[in-house]
Amino acid sequence: MPTRDLRWFELFLALALIAWPAGCQKRQQRPPVAGPPAPLDALTPAERQLAEQLIRADPGVLKLLGSGRSRLIYIDMIAVKPDSPEASREPNALPKTRYAEAVFYRFDGDIGVRAVADLTNKRTIESGEVESNTVPLNNEDLTEALALALQDQKVVSMLGPEAQSFRVADPAARAKGPANVVRGLRVNSLDQNDPCYRRRCVQLFFQSSNKGYLIDSAVVDLSTRRTDVVKGSMEGPHHEDD
Amino acid sequence: MKMTDRLAILLPLAARAVLGQCSGIYLVDQPFPVSGPEETRWRICWQEQARNGLMITSAFFRKSPASPFVRILWDARISEIFVPYHDGSPRYFDVTNFSFSLVPVSNQDCPASGGGATLGSPAHVCREVRDRGLAWKDYGNVRRGQEVSLWAALGAGNYNYVMEWTFRDDGVFMGRVGATAVNLPSKPLMTHVHNPIWRLDIDLDGFPGDSATWVSHSESGPLGADTFSLAAQETGFKWNAEQFNILQISDANLKNSRGDASTYMLMPIPSGMSRHQEAFTANDFWVTRYNSAELNAKDVNVYASNLQPIAGQDIVVWYKGSLHHFPRDEDGEFVDRYWKGEAHVMWTGFMMMPHNLFDRTPLVP
């Protein structure tokens, strides 16, 4: 290619490459095109599956989880800071590796287990025990708590004929809908003599489709599988007037 | 110069321009103004995660098309929402006690007519690009400002917590949490306080080299003065309304073209500051040395007790906002043994304002 034509070609190529991002920006407003995720994108379903496989196969994790009952609480992407500060100043710097963190709860022993997987090199790089009070409950816990509560006669009496119609609220539901739903909050007792001081306890609130929330609730201890009914209060705080 | 040499220079530059740290719906690349020639620009990555809901996973800002992007944030998240009730119990940890999900959003939440667009399928996040009111006014001269906001709502049992992150055309960055939906059904008339605690991994112009300075205003007679106290080691601070306290974050090297150190100033947007019996609520601000394992706001007092040096380091700032919810008839009513009603949104948050990032007044005219 003659030299002059080569220069024009270089200029064209450079302009094309520089102009390409503007086109990309517009395209990025649409749903993502299938392809490898960018370093800070959320985990894809395939990556979540890979992370769980890697972590569950790790000998260290297996030992921590033991042979008893355990529950996967969540898997999420974590970003690791680059080794060089210069890389952290660059808006388009590409970390070389994707990582995922998984947290489990082990029922016997009341412990949490945390592990980190390197998805790029396909190996678990970190695992260890964490305090159980740092391990959140999740919807599986809620579902289990409701099942236990609906076996308890005190709860069934409290809810009346509609008792067995209650379902755990679907977090993906767009509207309340006609269903009777149950939502839950974790109970943390301050009383060291209270079972819920350390154990995983859930307070269940029953939302009737047309009446609102029942002020009476059920507290379920997931460790001992015991249920208690708590009477709601219609009282407000005591006013202290000058 | 040989063609191969030229391409060796051009291609990596172009490749870096094309490939980003995030893509698709996770990238918010927002020039301002939204129409016409660019004056400033934010490039933001976000994610939805199981514990912390809507998180910012990086944020860069450039003050002009000719300026480089400057990193502002490595990571910003709501680390905890602590909710104690006036009669002592319950005392909820609404971020770390339960792996709540973000609730769906639709055009009803995020109307296109208001500059909104839902992100994701199913959509949990709303992006709003909007007029933010007056940027400045000088008699007959005026400029209105613009901002881009990302928000989502965490479905926390009876409550929904709106998590909002806003990035303005003048380089200001804001975080807010709003509490809404239904009062605690078991005691809907009991006063309580919602305390969102943000963990802000501020990496000005990258890491390390960042420092935190506590700024205090004082008066003596007719005279006012401002004091700047560099935080040498991990510590906490209590905000004093009379002192107009600000936490200023600086970088060892970042300056504008006038040679003035460029910083960001973290300011509360408070209605009050809580002090509960729990030690992590004793301060409104904490500054700690970056540690990837230190993510839990309820342990921040323990993290800070290590007293690691933080001047000129990779630092993390924690800020506690507080909402004192005094129940009212507007929240709802009892119907037999049911509580029915919706608590309208109450907000708390903070603002991070650039200081000497620009060389002169931005957004003029």
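Keep in mind that this is a model prediction, so the values were computed, not measured. In what follows, chains are A, B, ... by sequence order, proteins preceding strands, each numbered from 1.
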*Asks:* Going by distance alone, is a donor N or O of one side chain under 3.5 Å from an acceptor N or O of the other, for A/Asp194 and A/Ser189?
*Replies:* yes

*Asks:* Is A/Asp191 close to chain B through its backbone or its side chain, or both, or neither, when contacts mean heavy atoms under 4.5 Å?
*Replies:* neither

*Asks:* Which of these, B/Val105, B/Asp109, B/Val125, sits in a side-chain contact (heavy atoms from CB on, under 4.5 Å) with B/Thr118?
*Replies:* B/Val105

*Asks:* Between B/Arg51 and B/Glu80, is a salt bridge (Lys or Arg N to Asp or Glu O under 4.0 Å) present by the stated rule, with each step listed?
*Replies:* CA-CA 9 Å; B/Arg51 286 202 334 172; B/Glu80 189 60 87; over 6 Å; no

*Asks:* With a 4.5 angstrom heavy-atom cut-off, which part of B/Gln49 approaches chain A: side chain, backbone, both or neither?
*Replies:* both

*Asks:* Can you say whether B/Pro90 sits under 4.5 Å from chain A via the side chain, the backbone, both, or neither, judging by heavy atoms?
*Replies:* neither

*Asks:* Determine whether the aromatic ring centres of B/Tyr159 and B/His194 lie less than 6.0 Å apart.
*Replies:* yes

*Asks:* Which bit of B/Asp87 comes within less than 4.5 Å of chain A, counting heavy atoms only: side chain, backbone, both or neither?
*Replies:* neither

*Asks:* When heavy-atom pairs shorter than 4.5 Å are enumerated against chain B, which of A/Val135, A/Val130, A/Asp216, A/Val202 gives the highest number?
*Replies:* A/Asp216

*Asks:* Which region of B/Gln108, side chain (C-beta onward) or backbone (N, CA, C, O), has a non-hydrogen atom less than 4.5 Å from a non-hydrogen atom of chain A, or is it both or neither?
*Replies:* neither

*Asks:* Quick check on the interface: out of A/Gly212, A/Pro37, A/Ala38, who has the most heavy-atom pairs with chain B under 4.5 Å?
*Replies:* A/Ala38

*Asks:* Does any donor atom in the side chain of A/Asp110 or A/Ser132 lie under 3.5 Å from an acceptor atom in the other side chain?
*Replies:* yes

*Asks:* Could you look at B/Tyr85 and say if it's the side chain, the backbone, both or neither that has a heavy atom under 4.5 Å from chain A?
*Replies:* neither

*Asks:* Apply salt bridge (Lys or Arg N to Asp or Glu O under 4.0 Å) to B/Arg91 and B/Glu278, showing your working.
*Replies:* CA-CA 10 Å; B/Arg91 305 177 86 77; B/Glu278 287 79 359; 2.6 Å; yes

*Asks:* Select one option (side chain, backbone, both, neither) describing which atoms of B/Asp336 are under 4.5 Å from chain A's heavy atoms.
*Replies:* backbone

*Asks:* Under a 4.5 Å heavy-atom cut-off, does chain A meet the side chain of B/Ala156, its backbone, both or neither?
*Replies:* backbone

*Asks:* Please classify the contact between B/Ser292 and chain A as side chain, backbone, both or neither, with a heavy-atom cut-off of under 4.5 Å.
*Replies:* neither

*Asks:* Hey, which of B/Trp46, B/Trp339, B/Phe100 has the most heavy atom pairs under 4.5 Å with chain A?
*Replies:* B/Trp339

*Asks:* Please classify the contact between B/Glu333 and chain A as side chain, backbone, both or neither, with a heavy-atom cut-off of under 4.5 Å.
*Replies:* neither

*Asks:* Would you please indicate yes or no on a ring centroid separation below 6.0 angstrom for B/His325 and B/His86?
*Replies:* no

*Asks:* Quick one about B/Asp205 and B/Asn253 (side-chain donor to acceptor, distance below 3.5 Å, no hydrogens or angles considered), yes or no?
*Replies:* no

*Asks:* Find the one option among B/Arg337, B/Lys187, B/Glu48 whose heavy-atom pairs under 4.5 Å with chain A are most numerous.
*Replies:* B/Arg337

*Asks:* Under a 4.5 Å heavy-atom cut-off, does chain A meet the side chain of B/Asn296, its backbone, both or neither?
*Replies:* side chain

*Asks:* Checking B/Leu184 against chain A: side chain, backbone, both or neither under 4.5 Å from a heavy atom?
*Replies:* side chain

*Asks:* What closest approach, in Å, do A/Phe206 and A/Leu146 show between heavy atoms, and which atom pair accounts for it?
*Replies:* CE2-CD1, 4.1 Å

*Asks:* Please identify, among B/Leu102, B/Asp203, B/Asp94, B/Asp299, the residue contributing the most non-hydrogen atom pairs under 4.5 Å to chain A.
*Replies:* B/Asp203

*Asks:* Does any heavy atom of chain A fall under 4.5 Å from the side chain of B/Phe334, the backbone, both, or neither of them?
*Replies:* side chain

*Asks:* Any chance CD of A/Glu131 has more than 12 other-residue heavy atoms, nucleotides or ligands included, within less than 6.0 Å?
*Replies:* no

*Asks:* For the residue pair B/Lys298 and B/Phe93, would you count it as a cation-pi contact if the rule is NZ or CZ under 6.0 angstrom from the ring centre and within 45 degrees of the ring axis?
*Replies:* yes

*Asks:* Is A/Asp141 in contact with chain B via its backbone, its side chain, both, or neither, using a 4.5 Å heavy-atom distance?
*Replies:* neither

*Asks:* Report yes if the distance between the aromatic ring centroids of B/Tyr92 and B/Phe98 is under 6.0 Å, otherwise no.
*Replies:* no

